Amino acid sequence: MAKPVSIEVWNPNGKYRVVSTKPMPGTRWINLLIQQDCRVEICTQKKTILSVEDIIQLIGDKCDGVIGQLTEDWGEELFKALSRAGGKAFSNMAVGYNNVDVNVATKYGVAVGNTPGVLTETTAELAASLTLAAARRIVEADEFMRAGLYDGWLPHLFVGNLLKGQTVGVIGAGRIGSAYARMMVEGFKMNLIYFDLYQSTRLEKFVTAYGEFLKANGEKPVTWKRASSMDEVLQQADIISLHPVLDKTTYHLVNKERLSKMKKEAILINCSRGPVIDEAALVDHLRENPMFRVGLDVFEDEPYMKPGLSEMKNAIVVPHIASASKWTREGMATLAALNVLGKIKGYPIWFDANRVEPFLNENTPPPAACPSIVNAKALGLPVSKL
Ligand SMILES: NC(=O)c1ccc[n+]([C@@H]2O[C@H](COP(=O)([O-])OP(=O)(O)OC[C@H]3O[C@@H](n4cnc5c(N)ncnc54)[C@H](O)[C@@H]3O)[C@@H](O)[C@H]2O)c1
Ligand SMILES: O=C(O)[C@H](O)CO
């Protein structure tokens, strides 16, 4: 028998019971649930990753909906427990939902929510930060200073890469990949090459227009290219940033063979999901190619790193913080809560999951809709006409 899990309760007499497996930033999400007659139970257990058994306990005998985290394994056991407790909705507090078996959720009639859009710019900014930190060797230089090793300016000290005029490669030019591409093109006048299963017309138009602007001002225009294969990006780009979803097709997308196709002094950034890179192969590649650098926010077996990675001077590693700005994290909590609330109340699904701003305006009540339900079609849920 698993140990009881500690919880904090808001609005004990609420009609609908909503569980959050973690305390989440801000209070708006709690207030929105309470205003709609929900009893909110927040797990306060001091344990970073809850087990399936812990969550089954939290769900209990009666539960209308759960807000969960990407560290949790939402599969057969949890959806069965939630459905048995009368649950109608689950929302990840994340845009990625590779930790959720959506087919199983659909089988049990449970809607699965995610939190797109609100984290796009924040995540792209971290990818840009890692790019700059890797290109200019900021972490190594910081460690050098703190170790008291600086004894005067030298022509060869921490020489890195110039971004201007170089080529940035984006794999997965969806919301975040496109936002990152724009930052690097506009901010550093880089040329763009991207690979995605779909054409990103908006991104292409943006780069074309910016190129024309530069030309009109007497500067060299930036260019774009949609690559016909991922390998084309790997061979041509100086910086490569990974932004696809994680699924069967993107598991180990970057492997030993593909690493060998990249330029010896290239920089690889990953703010998508760890398993998109074969991390053991990456460690070998970093060891054999000291001028090759990486910036990683995500890891194959989080919270662990593959042996050897932490010793690599040419790797910058941060603990999955790409969406960690206050505004974004509070917004993610709000969207996740509104996904669950909307399904409980029988609201329709918002017409465009890429345009969730109306849910984030703190001065107006949110629309009576679920911001983003990934299995809406499979469940036959109606779409909002708003
Ligand atoms: N590190 C973090 O904290 C963090 C934060 C937010 C999102 N993410 C990750 O980033 C992912 C992308 O988020 P988004 O909002 O931009 O999603 P999105 O759906 O807008 O973009 C994903 C893009 O990947 C493309 N894609 C899918 N399979 C591909 C393949 N095999 N090759 C190339 N491209 C492929 C899709 O066509 C799409 O354009 C999320 O699924 C999540 O896993 C991580
Ligand atoms: O998918 C996501 O949203 C991230 O990994 C956490 O922000």
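What you are looking at is a predicted structure, and each value in this text was computed from that prediction instead of being measured. As the structure lists them, so they are numbered: ligands from 1, and atoms in each ligand from 1.
- Judged by distance alone, the side chains of Asn99 and Asn92 do bring a donor and an acceptor atom under 3.5 Å apart.
- Judged purely by atom type and a 3.5 angstrom limit, Ser20 has no side-chain atom pairing as donor or acceptor with the backbone of Pro23.
- In this structure, atom 16 (O) of ligand 1 lies nearest to the protein heavy atom Ile176 N, 2.9 Å.
- Looking only at distances, no side-chain donor or acceptor of Asn339 sits under 3.5 Å from a matching main-chain atom of Gly342.
- Side chain of Glu279 to backbone of Glu300: a donor-acceptor contact under 3.5 angstrom is found.
- Given atom 34 (N) of ligand 1, the protein heavy atom at minimum distance is Gly172 CA, 3.6 Å.
- From the protein, the heavy atom lying nearest to atom 40 (C) of ligand 1 is Val95 CG1, 3.9 Å.
- Set against the non-hydrogen atoms of Thr250, the atoms of ligand 1 under 4.0 Å away are 28 (N), 29 (C), 30 (C), 31 (N).
- Hydrophobic cluster of Val52: the remaining members, joined at side-chain heavy-atom separations below 4.5 Å, are Val5, Ile7, Val9, Val19, Leu50, Ile55, Ile56, Leu58, Ile59, Val66, Trp74, Leu78, Phe79, Leu82, Phe90, Tyr97, Val100, Val102, Val104, Tyr108, Val110, Val112, Val374, listed by chain and number.
- Contact atoms of ligand 1 toward Thr249: 31 (N) (distance under 4.0 Å to a heavy atom of the residue).
- With a 4.0 Å heavy-atom cut-off, ligand 1 is reached by no atom of Tyr97.
- If you number the atoms of ligand 1 from 1 as listed, the ones under 4.0 Å from a heavy atom of Thr123 come out as 4 (C), 5 (C), 6 (C).
- A donor-acceptor pair under 3.5 Å is formed between the side chain of Arg226 and the backbone N or O of Asp196.
- Nearest to atom 22 (C) of ligand 1 among the protein's heavy atoms is His243 O, 3.7 Å.
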Please tabulate, for the side chains in residues 31-38, all donor-acceptor contacts under 3.5 angstrom to protein atoms that are two or more places apart in sequence or on a different chain.
unit_1	atom_1	unit_2	atom_2	d
Asn31	ND2	Thr27	O	3.4
Gln36	OE1	Lys345	NZ	3.2
Asp37	OD1	Lys15	N	3.3

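- Between the side chain of Arg137 and the backbone N or O of Gly160, no donor-acceptor pair lies under 3.5 Å.
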Could you go through Trp224 and Leu203, starting from their C-alpha distance and side-chain angles, then the distance that decides it, and tell me whether this counts as side-chain contact (heavy atoms from CB on, under 4.5 Å)? CA-CA 9 Å; Trp224 63 264; Leu203 178 59; over 6 Å; no

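- Counting only heavy atoms of the protein, atom 21 (O) of ligand 1 lies nearest to Gly174 CA, 3.4 Å.
- Of all protein heavy atoms, the one lying nearest to atom 32 (N) of ligand 1 is Phe195 CE2, 3.7 Å.
- In summary, Asp231 and Arg258 engage in a salt bridge, as defined by a charged side-chain N under 4.0 Å from a carboxylate O.
- Assignment of Pro116 to the shell around ligand 1 is not supported, since no heavy atom sits closer than 4.0 Å.
- Residue contacts with ligand 1 for Val298 involve side-chain atoms from C-beta outward but no N, CA, C or O (heavy atoms, distance under 4.0 Å).
- Within the 3.5 Å criterion, the main-chain N or O of Ala281 finds a donor-acceptor partner in the side chain of Asp278.
- Counting only N and O atoms by type, the side chains of Asn103 and Thr106 include no donor and acceptor under 3.5 Å apart.
- A heavy-atom cutoff of 4.0 Å around ligand 2 is satisfied by the protein residues Leu70, Ala94, Val95, Gly96, Leu119, Arg273, His320, Ser323, Met332.
- Of the protein's non-hydrogen atoms, Asp196 OD2, 3.7 Å is the one closest to atom 23 (C) of ligand 1.
- Checking only distances, Asp297 does come within under 3.5 Å of ligand 1, N or O to N or O.
- For atom 3 (O) of ligand 1, the candidate residues are Met332, Lys248, His320; the nearest heavy-atom contact is made by His320.
- For ligand 1, the polar-atom distance check finds an N/O of Cys271 within less than 3.5 Å of one of the ligand's N/O atoms.
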side-chain contact (heavy atoms from CB on, under 4.5 Å) for Ile42 and Ile30? Distances and angles first, verdict last. CA-CA 10 Å; Ile42 304 171; Ile30 301 174; 3.9 Å; yes

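- Atom numbering of ligand 1 starts at 1 in the shown order; those under 4.0 Å from a heavy atom of Tyr198 are 37 (O).
- Considering only non-hydrogen protein atoms, atom 28 (N) of ligand 1 sits nearest to Leu197 CD1, 3.6 Å.
- In this structure, Asn314 contributes its side chain and Arg293 its backbone to no donor-acceptor pair below 3.5 Å.
- Salt-bridge annotation for Glu41 and Arg39: present, with a side-chain N of the basic residue lying under 4.0 Å from a carboxylate O of the acidic one.
- Between Arg175 and ligand 1, a contact under 3.5 Å exists for at least one N or O pair.
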Return a table of donor-acceptor pairs under 3.5 angstrom between the side chains of residues 328-336 and protein atoms on other chains or two or more places apart.
unit_1	atom_1	unit_2	atom_2	d
Thr328	OG1	Val118	O	3.0
Thr328	OG1	Thr122	OG1	2.6
Thr328	OG1	Ser325	OG	3.2
Arg329	NE	Ser323	O	3.4
Arg329	NE	Ser323	OG	3.0
Arg329	NH2	Ser323	OG	2.9
Glu330	OE2	Lys326	NZ	3.1
Thr334	OG1	Glu330	O	3.1

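- Across Pro244, Gly274, Ala127, Ser229, heavy-atom proximity to atom 35 (C) of ligand 1 is greatest for Pro244.
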